[in-house]
Visitor: 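Please find one structure pasted underneath; my questions will follow.
Throughout, numbering of the chain's residues begins at 1 and tracks the sequence.
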Amino acid sequence: MGSRGAPRAAAADEDEEGPVPKASQQRYRPVEPHDPAVVQMAPADPSAGPRPIKPGRNRSMDPRMRVASSNVHGTSSARHSDSKLELFGFDSLVKLGLKSMAEEPAAQTPVSPTDSEDMGINMGRLKETNPKLGTLMGVFVPCLQNILGIIYYIRFTWIVGMGGVWQSLVLVALCGACTFLTAISLSAIATNGAMKGGGPYYLIGRALGPEVGVSIGLCFFLGNAVAGAMYVLGAVETFLDAVPSAGLFQEKVTVVDNTANGGSAITISTPSLHDLQIYGVIVTILLCFIVFGGVKIINKVAPAFLMPVLFSILCIYIGILSAPGSNSPKGITGLSTTTLHDNWSADYQRTNEAGVPDPNGPIYWDFNALLGLFFPAVTGIMAGSNRSASLKDTQSSIPIGTLNATLLTTLMYLLSVFLFGALATRQELLTDRLLTATVAWPAPAVIHIGIILSTLGAALQSLTGAPRLLVAIANDDILPVLNCFKAYEGSEPHMATLFTCFICISCVVIGNLDLITPTITMFFLLCYAGVNLSCFLLDLLDAPSWRPRWKFHHWSLSLIGALLCIVIMFMISWTFTVVSLALASLIYYYVSLKGKAGDWGDGFKSAYFQLALRSLRSLGANQVHPKNWYPIPLIFCRPWGRLPEDVPCHPKLADFANFMKKKGRGMSIFVSIIDGDYHESAEDAKAVCRQLSAYIDYKQCEGVAEIIVAPSMSDGFRCIVQTMGLGNLKPNIVVMRYPEIWRRENLTQIPSTFVGIINDCITANKAVVTVKGLDEWPNEYQRQYGTIDLYWIVRDGGLMLLLSQLLLTKDSFEGCKIQVFCIAEEDTEAEELKADVKKFLYDLRMRAEVIVITMKSFEAHADGSSRIDDTQEVYTSAQNRIRVYLSEMKETAERQGRPLMEGGKQVVVNEQKVDKFLNTMLKLNATILKHSRMAVVVLVSLPAPPLNQPAYCYMEYMDLLVENVPRMLMVRGYRRDVVTLFT
């Protein structure tokens, strides 16, 4: 033991002098036998400062080893107790894994294996937060308070009188089915994982994406804010009905009694609009002060509001069973089958703005109008999920609390329809606005108090939930305009509360309860439809992460719920539906334009992914028919040339990639290669990839970025050309810039790399497009006029013809014409070749002028008087450089006693062939300069590198070909057709 301990200690001391990763700034207490399972970790003493790094030692470290070394650089006591799980690395479940898994990853934030080194870890005692709520006080009570609101007390008896018993039953059943199906969908999504604040916004946003989530979330926020105004107006209206002397203004409405018996006119006093406005604003301000006190105060106040409400409902039922009383009006008959029969059918009629029957009234009521009036009475099912950030266990509390509240209130509404329908005559139901108070036991004052407390409690819940919903939207940082509403976790949303109160007061000033309720209905129905569609999409896609604990759901139920919500919206009001959908669409469009990108793993991304997989499988691995062939260019970003460090790609390469697509359709793959070791350069590659992706988005090019780390550019490209893509979605064209600077910058490694890339493309059956004059390539705003000249020398499957047609579809080249140059062996073949090419182009639906050049004229361009002196001088210089290069190569081979080698491969030098190839390029260049000196762009067939010849010679050939041609595309097709003659 002693002999082994000394080297270990020495190694530990030696490691202390090495570089200290960031993770070592955390101090870990060793695990003792009596310790709990959780390892407590506290920040290191900041006064200790960074440890010195010994120069020249261990500067470059494998990222996989940083994790292990971070354990060595802890405290001295930690070094003496080796972990049994050291092999698995630093991120063990006890120390970090479970905590990081419980946190929602930030949108668009890449996570690397070494990111944990930069995390601040505090796994000791959790931060003190506000006390969390259970199912009863966190979900059930808020839902019950919101559902049992003003509609039940002062409008439900009126609805029964107007719609009759059977249509009221249909009304309640329809609304109850809508909310129950929505509650099932809500339960399924809420039990699929941990929830943060935001309630339905959080659920919809994470299921349908940030654009849909924000648009529906803001509409739902408006619905909650406006609902607060409805509850306040209901409380004020009840108060003024109970205490008429409190009104500052008095309005009397005369109602004509048009019953069958013909009664006398009845004068009914209703609260003045100005009284509703004045008292409503005062009550709203008082409620705002309570909301500013925070959730703690509201939770203490909530039972005080709810208990009288439940007691008042009990008093109503006792009063109904004991009716009629001694002081009851004539219209109250008590529970009677005769009265139930008389009230069974509907009796829709006109009313004034206060809802009092008037034959000359401006409002005519029907079933759809009653639906819009009643639906807010069932819209409190989201009250619990709105406070999801304050719940102990969202996955348990939201389903149990929401569904129980929904079922209980729906059953209560159905029972109340029968009781009210059998209690009083239709005239009494329509004219007594507070019939519930009239029949209540022991006195109407009980109901007045219950109504006021019920509506105020519901208003408190709305004014509490709406600001938290707005804060959740703002904290997601999707819309910068909402940044002023952000709030830290655990703090009260004061700015959002002020804004909510402002909206509530604005609606209170309207003062018309029947006008406000349809607006609330639309916003709530829009949210419910979003919840159902979210559950439907997630259930239908059945992604691996979709594992809800709530099993009583099916995608068909969610689909029915969504359709039911939409149908109800249109039944209530086409106008309000169109307005609400238009508002949501405008918000969606605004978020799409101005919002920050966010990826929350929503259902649409999953749908796109599954659709892509199915499409990929349907394409198969067989060759695509020429009619369905699309160019998928592989853009080689920085193979050569000097660009600033912050420019990941030549600015014109993305423009050229767009020119290769018809109407922007198609995908481009932008690739760059980093020389080095993968483990050392992985983080640099990710940073470059993010930079390149941002550049692609900036250039508005449909494409993806890929960064490869390889020992050399040739090795990296060989890896790319073999593995990039899937099935028939592999890149089929390699696009790169011609290395014009190789001789000027004396970059001697470029020839072998350039030739190697072309040979790799030929071996992998990829087309090649090399762009000369990329710096002068026009952008989309620079119009070009002239000709696009094609020198069609070899069969390339029609790729050169297709590229020329794609250029014509762009605004920059739409004013150009195409000229096709062909070379005939004999003069006698020229006319026949011209006719054949014209017929071929006609069948391809391509309009172009065909020009045939014979070999005799081709030779004349180089040997006759038309030879250009500058070109001849370039030709001579190329010959001299090749001779010098070959002589140096031979001398080196003789000196080393080995055959001629270049790039590790044996080469054969045939000087006659070299002169022949140089002469061919000279002739072709002279022909191009004669016919196409003024052409906008020249397309020419790219010759394959001669076998076993030095790459240097091939570069000289190519330099001679492009000499004095400002803009040229050298195109080499592959062993298949990309165009077809047939329909």
Side-chain angles (χ1 to χ4, degrees), residues 714 738-740 742-743 748-763 768 770 772 791-796 822-826 853-864 867-868 871-894 896 898-929 940-965 968 970-975:
S714 298
Y738 181 75
E740 305 172 49
W742 73 279
R743 184 183 296 110
T748 56
Q749 78 279 6
I750 284 184
S752 59
T753 304
F754 181 72
V755 171
I757 289 174
I758 296 177
N759 285 329
D760 290 341
C761 292
I762 295 174
T763 303
V768 183
T770 304
K772 193 262 182 181
Y791 286 83
W792 197 11
I793 300 174
V794 297
R795 181 177 181 272
D796 60 357
C822 303
I823 298 178
E825 294 287 342
E826 303 292 339
I853 301 174
T854 61
M855 291 298 296
K856 183 182 295 184
S857 61
F858 185 75
E859 295 288 341
H861 293 155
D863 298 333
R867 173 177 296 177
I868 302 173
T871 306
Q872 180 63 35
E873 182 179 349
V874 171
Y875 172 77
T876 306
S877 300
Q879 280 185 318
N880 294 334
R881 286 192 299 270
I882 290 177
R883 289 195 185 98
V884 172
Y885 180 80
L886 294 178
S887 63
E888 292 177 353
M889 181 182 291
K890 291 177 181 178
E891 291 177 2
T892 302
E894 292 174 358
Q896 296 179 354
R898 57 175 177 78
L900 294 178
M901 304 287 291
E902 186 187 59
K905 296 181 181 180
Q906 185 175 352
V907 296
V908 178
V909 176
N910 188 330
E911 295 186 2
Q912 291 182 349
K913 281 192 175 182
V914 171
D915 289 339
K916 178 182 177 181
F917 292 152
L918 278 176
N919 192 44
T920 301
M921 291 302 173
L922 172 66
K923 295 173 183 178
L924 182 56
N925 178 262
T927 302
I928 293 173
L929 291 178
V940 65
S941 299
L942 176 69
L947 216 58
N948 298 327
Q949 275 201 12
Y952 184 90
C953 298
Y954 183 76
M955 289 303 300
E956 290 289 354
Y957 305 156
M958 299 306 299
D959 276 359
L960 190 57
L961 173 63
V962 303
E963 183 68 27
N964 294 324
V965 182
M968 177 182 286
M970 290 162 279
V971 181
R972 182 167 189 83
Y974 56 112
R975 296 183 292 273

Visitor: Suppose we screen for side-chain contact (heavy atoms from CB on, under 4.5 Å). Which residues come up paired with Arg881, at least two apart in sequence or across chains?
Guide: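 Expected list: Arg743, Ser877, Ala878, Tyr952, Glu956.
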
Visitor: In chain order, what residues pass the side chain to side chain donor-acceptor pair (under 3.5 Å) check against Asp760, with sequence neighbours excluded?
Guide: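 Asp760 satisfies side chain to side chain donor-acceptor pair (under 3.5 Å) with Arg718 once adjacent residues are dropped.
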
Visitor: Any side-chain to backbone donor/acceptor pair from Arg972 onto Leu942? Under 3.5 Å, distance only.
Guide: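 Yes: the side chain of Arg972 pairs with the backbone of Leu942.
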
Visitor: Once side-chain contact (heavy atoms from CB on, under 4.5 Å) is applied, do any residues pair with Thr753, and if so which ones, sequence neighbours excluded?
Guide: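 Here the qualifying residues are Trp640, Met713, Ser714, Ile757.
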
Visitor: Identify, with sequence neighbours excluded, every residue that meets side chain to side chain donor-acceptor pair (under 3.5 Å) alongside Lys913.
Guide: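 Once residues adjacent in sequence are excluded, Lys913 has no partner under the side chain to side chain donor-acceptor pair (under 3.5 Å) criterion.
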
Visitor: Going by side chain to side chain donor-acceptor pair (under 3.5 Å), name the residues that satisfy it together with Gln949, two or more places apart in sequence or in a different chain.
Guide: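 Listed in chain order: Tyr957.
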
Visitor: Identify, with sequence neighbours excluded, every residue that meets side-chain contact (heavy atoms from CB on, under 4.5 Å) alongside Ala893.
Guide: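 Scan of Ala893 (side-chain contact (heavy atoms from CB on, under 4.5 Å), adjacent residues dropped) gives Leu900.
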
Visitor: Give a yes or no on this: more than 12 heavy atoms of other residues, nucleotides or ligands lie within 6.0 Å of atom CD of Gln912.
Guide: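 Atom CD in Gln912 is not crowded, with 12 or fewer foreign heavy atoms closer than 6.0 Å.
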
Visitor: Test: salt bridge (charged side-chain N to carboxylate O under 4.0 Å, His left out). Region: residues 940-955. Which pairs qualify, not counting sequence neighbours?
Guide: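 The answer is none; no pair qualifies.
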
Visitor: Got a sec, which residues hit side chain to side chain donor-acceptor pair (under 3.5 Å) with Glu888, two or more places apart in sequence or on another chain?
Guide: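 Once residues adjacent in sequence are excluded, Glu888 has no partner under the side chain to side chain donor-acceptor pair (under 3.5 Å) criterion.
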
Visitor: Determine whether a donor-acceptor pair (N or O, by modelled atom type, separation under 3.5 Å) exists between the side chain of Tyr954 and the backbone of Pro943.
Guide: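 Confirmed, Tyr954 side chain pairs with Pro943 backbone.
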
Visitor: Could you pull out all residues at least two apart from Lys916 that satisfy salt bridge (charged side-chain N to carboxylate O under 4.0 Å, His left out)?
Guide: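 Residues passing salt bridge (charged side-chain N to carboxylate O under 4.0 Å, His left out) with Lys916: none at all.
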
Visitor: Going by side-chain contact (heavy atoms from CB on, under 4.5 Å), name the residues that satisfy it together with Pro950, two or more places apart in sequence or in a different chain.
Guide: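 If we apply the side-chain contact (heavy atoms from CB on, under 4.5 Å) test to Pro950, skipping adjacent residues, the hits are Tyr885, Leu886, Met889, Glu902, Val907, Val909, Cys953.
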
